[in-house]
Amino acid sequence: MDGNGRWAKARGKERIFGHIEGAESVRACLEAAVEDGVKYLSLYAFSEENWGRPQAEVNGLMELLIKYIQEEIDNMMSHHVRFVVLGHRERLSEKVNALIDEGMAKTASNDGTTLIVFLSYSGKWDILQAMKKAACELSPEQFQALEIKDFDRYLVTAGIPDPDFLIRTSGELRISNYLLWQTAYTEFYFTDTLWPDFRKPQFREALAEYARRDRRYGKVK
């Protein structure tokens, strides 16, 4: 979800105003996903690298996250949305983690769209923590015999399908350390639209583009 800062700067405002408007895009895209039957919607909300941003901006983003969870959990319940947060959560504050745990517990049995928010996440960190977890759990012989199909269960996304489609806003042509293992066969979609301007029409335009793709997974049809 990129382009919040540039959106705000173009309007002569501080970056946090772009993040606030970007939260409205989250609401719009989640609503569209629910309406269109999308089973999983993942949002890369805050990367491990984002901790290096100015402290005032980081604090503002965390306060915005708290506000969003508090305001949206009841709405998620009414639309049967399951709320999940994945990432290096040890770096988050106790207050944020407590609120996340409460929201996840409250929506755990919902069977509609699953909203996955990646916080303090890094694809390289995910692979490394998975390797450490596997090394601790398996014997040397089992570790050597570990196959690709068995590795998924050690990632933070265990039990969640790999993404079919990745949308990158604001004209950036990279994935910025996001789901490096899981996006091996993901379809990519790049748009110049800044995230605060990415609403239902843009979301559905992207889905229509995905519907036109021919997915072969390296095979011949």
Side-chain angles (χ1 to χ4, degrees), residues 1-2 30 33 37-52 65 81-94 96-168 172-190 206-207 210-211 213-221:
M1 302 181 291
D2 201 34
L30 176 58
V38 175
K39 293 301 293 181
Y40 293 88
L41 177 65
S42 302
L43 303 173
Y44 196 12
F46 193 86
S47 71
E48 282 268 86
E49 292 79 10
N50 287 156
W51 288 111
L65 171 66
V81 172
R82 181 167 67 109
F83 175 63
V84 176
V85 174
L86 299 175
H88 191 183
R89 288 184 53 190
E90 290 83 357
R91 297 192 67 176
L92 301 173
S93 70
E94 289 185 10
V96 170
N97 273 318
L99 194 60
I100 288 171
D101 288 338
E102 181 181 342
M104 289 175 60
K106 189 171 183 178
T107 64
S109 61
N110 288 347
D111 59 1
T113 298
T114 294
L115 173 64
I116 307 164
V117 179
F118 286 88
L119 281 176
S120 189
Y121 178 83
S122 149
K124 290 184 177 181
W125 163 84
D126 193 8
I127 294 170
L128 180 61
Q129 67 83 33
M131 288 297 295
K132 290 178 178 178
K133 193 183 300 182
C136 289
E137 179 180 311
L138 304 174
S139 69
E141 293 76 19
Q142 291 172 322
F143 188 82
Q144 288 298 323
L146 188 65
E147 297 185 7
I148 290 175
K149 63 181 178 63
D150 301 317
F151 188 67
D152 287 355
R153 65 191 178 99
Y154 295 105
L155 298 164
V156 295
T157 50
I160 296 171
D162 289 343
D164 293 305
F165 193 50
L166 186 149
I167 300 168
R168 180 69 194 257
E172 302 291 354
L173 302 178
R174 60 180 184 273
I175 59 172
S176 298
N177 204 4
Y178 179 58
L179 296 178
L180 299 179
W181 178 277
Q182 297 90 334
T183 55
Y185 274 99
T186 296
E187 295 288 326
F188 290 80
Y189 176 87
F190 299 102
L207 292 187
Y210 172 74
R213 304 278 179 95
D214 182 17
R215 308 195 73 199
R216 296 186 298 276
Y217 298 95
K219 301 175 183 177
V220 176
K221 290 186 177 179

So, taking the atom named CH2 in W125 and the one named CG in L180, what distance separates them when rounded to the nearest 0.5 Å? 12.5 Å
Does a side-chain N-to-carboxylate-O contact under 4.0 Å join R89 and D101? yes
Are R91 and E48 close enough, and set up right, to give a salt bridge (charged side-chain N to carboxylate O under 4.0 Å, His left out), and what steps lead you there? CA-CA 9 Å; R91 297 192 67 176; E48 282 268 86; 3.4 Å; yes
Closest non-hydrogen atom pair between Y44 and Y121, with its separation: OH-O, 3.1 Å
Does OH belonging to Y185 count more than 12 external heavy atoms closer than 6.0 Å? no
Drop me the distance from Q144's CD to S139's OG, to the nearest 0.5 angstrom. 9.5 Å
Indicate, with yes or no, if the rings of Y189 and Y210 have centres closer together than 6.0 Å. no
Are there over 12 heavy-atom neighbours, none belonging to E102, within less than 6.0 Å of that residue's CD? no
side-chain contact (heavy atoms from CB on, under 4.5 Å) assessment of V38 paired with L207: CA-CA 10 Å; V38 175; L207 292 187; 4.2 Å; yes
I need the M131 CE to C136 SG distance, nearest 0.5 Å. 11.0 Å
Heavy-atom distance under 4.5 Å between the side chains of L173 and R168, does that happen here? no
Check against side-chain contact (heavy atoms from CB on, under 4.5 Å), I100 and L92: CA-CA 10 Å; I100 288 171; L92 301 173; 3.9 Å; yes
CG-CD distance between L99 and E94, expressed to the nearest 0.5 angstrom: 13.5 Å
Can any side-chain N or O of D162 pair as donor or acceptor with the backbone N or O of A184 at less than 3.5 Å? no
Heavy-atom closest pair, residues M104 and V84: CG-CA, 4.1 Å
Spacing of CG belonging to L43 relative to CG belonging to L119, to within rounding of 0.5 Å: 10.0 Å
Show the nearest heavy-atom pair for residues F165 and I167, with the distance to one decimal. CE2-CG1, 3.7 Å
Side-chain heavy-atom pair Y178, P163 within 4.5 angstrom cut-off: no
Between CG of D111 and OG1 of T113, what distance do you get to the nearest 0.5 Å? 10.0 Å
As a quick check of understanding, evaluate side-chain contact (heavy atoms from CB on, under 4.5 Å) for Y154 and E137, giving each step before the final call. CA-CA 10 Å; Y154 295 105; E137 179 180 311; 3.1 Å; yes
Answer yes or no: is there a side-chain heavy-atom contact under 4.5 Å between Q182 and I160? no
Between V117 and F83, is any pair of side-chain heavy atoms under 4.5 Å apart? yes
Considering non-hydrogen atoms only, spot the tightest contact between R153 and D150 and give its length. CG-O, 3.3 Å
Are R213 and F188 close enough that some pair of their side-chain heavy atoms sits under 4.5 Å apart? no
Nearest non-hydrogen partners of V81 and T107, listed with the distance: O-CB, 3.4 Å
Please check if any side-chain donor atom of D152 sits under 3.5 Å from a side-chain acceptor atom of W181, or the reverse. yes
Do T157 and I116 make a side-chain contact, defined as non-hydrogen atoms from C-beta onward lying under 4.5 Å apart? no
Would you find a donor on one side and an acceptor on the other, under 3.5 Å apart, between the side chain of D126 and the backbone of G123? no
